[in-house]
There are 2 protein chains.
Amino acid sequence: MDHQESHTHSSHNHNDCIETALATAETLCLEQGQRLTKVRRRALELIWQSHRPLGAYQLLAKLAEEGFNSAPPTVYRALDFLLAAGLVHKVESMNAYLGCAHADKPHKGYFLICDSCHNVMEFDYQDVHTSLLEKAARHGFELRAETIELTGLCAKCKMASTGANA
Amino acid sequence: MDHQESHTHSSHNHNDCIETALATAETLCLEQGQRLTKVRRRALELIWQSHRPLGAYQLLAKLAEEGFNSAPPTVYRALDFLLAAGLVHKVESMNAYLGCAHADKPHKGYFLICDSCHNVMEFDYQDVHTSLLEKAARHGFELRAETIELTGLCAKCKMASTGANA
DNA sequence: GCAATATTGTTATGATATAACACTCATACC
DNA sequence: GGTATGAGTGTTATATCATAACAATATTGC
């Protein structure tokens, strides 16, 4: 049923996440006859290494440091590829890009975004999707994509702020 | 209960919408001791005159034609004011701005955006909000704002495309 | 009127994203 | 293995979206 996932908890070993994501990406690309080229692979890895959504130009700077071409099309092409493959999501309200934790299952990117620490948690509630789909249909609207971005205070920051007051 | 509204149907008299919106805006600003200055009022009106979300620079161009200052801060200040007052919404996935049809009641901007004609319908389903609020709380997350933007094909465009095939 | 504050003018720049065309490399086919 | 094809990348230029910083002006409360 409901599924939720965060790759922002400092408690976990994020390297595992990155490795899993990269492995999944390679498998998916192989299956679909897509080429996970050097720059695409490295872009994906760099996006994953950040615990927060990464801006295109931040990513470009990192790629440039490593000898990749430093012109914007480089990064936007890589992002376009990764977005189309479902390997990353774009967080519209931040103009930033985030590794997708379950690219292997088609899903919508629903996000909880902390205003304070800027960490982002992805969640994927089937019931919300079903409900939105049904409501769209009620308007004769054929739903293709959903942008669901919830902002506020994450548990940690909330505790930190109340703790400071107490 | 559930409320939905469109100001994109060509069937209606959009002038009524604009007048109502402007009247509501004046009332709200008066109540809250806010000043609906010339440029703010005209910006709101121009946003409403467009049936689709209007880009900041599109709006700026229209304002400039009418003798207002043509530098970007002019339009962004007006937009900031209108956004803060809840009189317009920003459609994040389009970087564009839309008149809010029910600024008088606090609400979230939920949008159905047609990929084909780019019209946008605002809807506001209390049950979706409640559901998201509860799910956020489940993660210890204190929800402050929601960006819900659904894209796809509106009823008209869907009919037009199937009609073309038939 | 006058001080305090809000609003607007103005210049400059930062941040995000794409167009257009040349070049290179991988792959598939012979 | 050669070579045509198309995918991918390099490069230059520019479009689009947004804000910083400070000066000038208008509004409001006294």
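Just so we're clear, the structure is a prediction, and the values are computed from it rather than from any experiment. Chain A is the first sequence line, chain B the second, and so forth, proteins listed ahead of strands; every chain is numbered from 1.
In this pair, A:Tyr76 and A:Tyr57 present their aromatic rings perpendicular. The plane angle is above 60°, beyond the 30 to 60° band. The aromatic rings of A:His139 and B:Phe123 lie tilted to each other, with the angle between the two planes from 30° to 60°. Note: B:His89 and B:Phe111 have perpendicular aromatic rings, judged against thresholds of 30 and 60 degrees for the angle between ring planes.
We find that CD of B:Gln34 is positioned 14 Å from C1' of C:dT5, with the value rounded to whole Å. Atom CG in A:Leu54 sits about 12 Å away from atom P in C:dA17, given to the nearest Å. Taking atom CG on A:Leu36 and atom P on D:dT9, their separation rounds to 10 Å, with Å as the unit. Rounded to a whole Å, the CE atom of B:Met94 is 15 Å from the P atom of D:dT16. With rounding to whole Å, B:Glu92 atom CD is found 13 Å from D:dC17 atom P. As a whole-Å value, the separation of A:Asp80 CG from C:dT18 C1' is 10 Å. At whole-Å resolution of the value, CZ in B:Phe68 and P in D:dA26 are 14 Å apart. To the nearest angstrom, C1' of D:dG8 lies 14 Å from CG of A:Leu82.
Between the side chain of B:Tyr76 and the base of D:dA20 there is no donor-acceptor pair of N/O atoms closer than 3.5 Å.
Here the CD atom belonging to B:Glu122 is positioned 6.5 Å from the CG atom belonging to B:Leu98, to the nearest 0.5 angstrom. To the nearest 0.5 angstrom, B:Leu132 atom CG is 7.5 Å from A:Leu132 atom CG. Between A:Leu112 atom CG and B:Lys135 atom NZ the span is 11.0 Å, to the nearest 0.5 Å.
No donor-acceptor distance shorter than 3.5 angstrom exists from the side chain of A:Glu65 to the backbone of A:Lys62, with no hydrogens or angles considered. Using a distance-only test at 3.5 Å, with no hydrogens or angles considered, no donor-acceptor pair links the side chain of A:Glu31 to the main chain of A:Leu28. Panel note: side chain B:Glu149, backbone B:Ser93; a donor-acceptor pair is recorded below 3.5 Å.
Under the rule for a side chain to side chain donor-acceptor pair (under 3.5 Å), A:Asp80 has no partner lying at least two apart in sequence or in another chain.
Rounded to 10 degrees, the angle between the two end axes of the helix from C:dG1-D:dC30 to C:dC30-D:dG1 is 30°, with five pairs used at each end.
Residues A:Lys90 and B:Arg40 each lie close to DNA chain C; by heavy-atom proximity, the contact nearer the 5' end of the strand is made by B:Arg40. Along DNA chain D, the nucleotide nearest to B:Ala56 and the one nearest to A:Tyr57 differ in position, and the one closer to the 5' end is contacted by A:Tyr57.
For the pair B:Tyr97 and D:dC17, the criterion of a side-chain N or O lying under 4.0 Å from OP1 or OP2 is not met. Regarding contacts with the backbone of D:dA7, every side-chain N or O of A:Thr37 stays at 4.0 angstrom or more from both OP1 and OP2.
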Anything under 3.5 Å between a protein N or O and an N or O of nucleotides 20-29 of chain C, put it in a table, one pair a line.
{"residue": "C:dA20", "atom": "N6", "partner": "A:Arg77", "partner atom": "NH2", "Å": "3.3"}

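Comparing atom distances between the B:Asn95 side chain and each of C:dA17, C:dT7, D:dA18 picks out D:dA18 as nearest. Proximity note for B:Pro72 (side chain, C-beta onward) versus D:dT19, C:dA17, D:dG8: the nearest is D:dT19.
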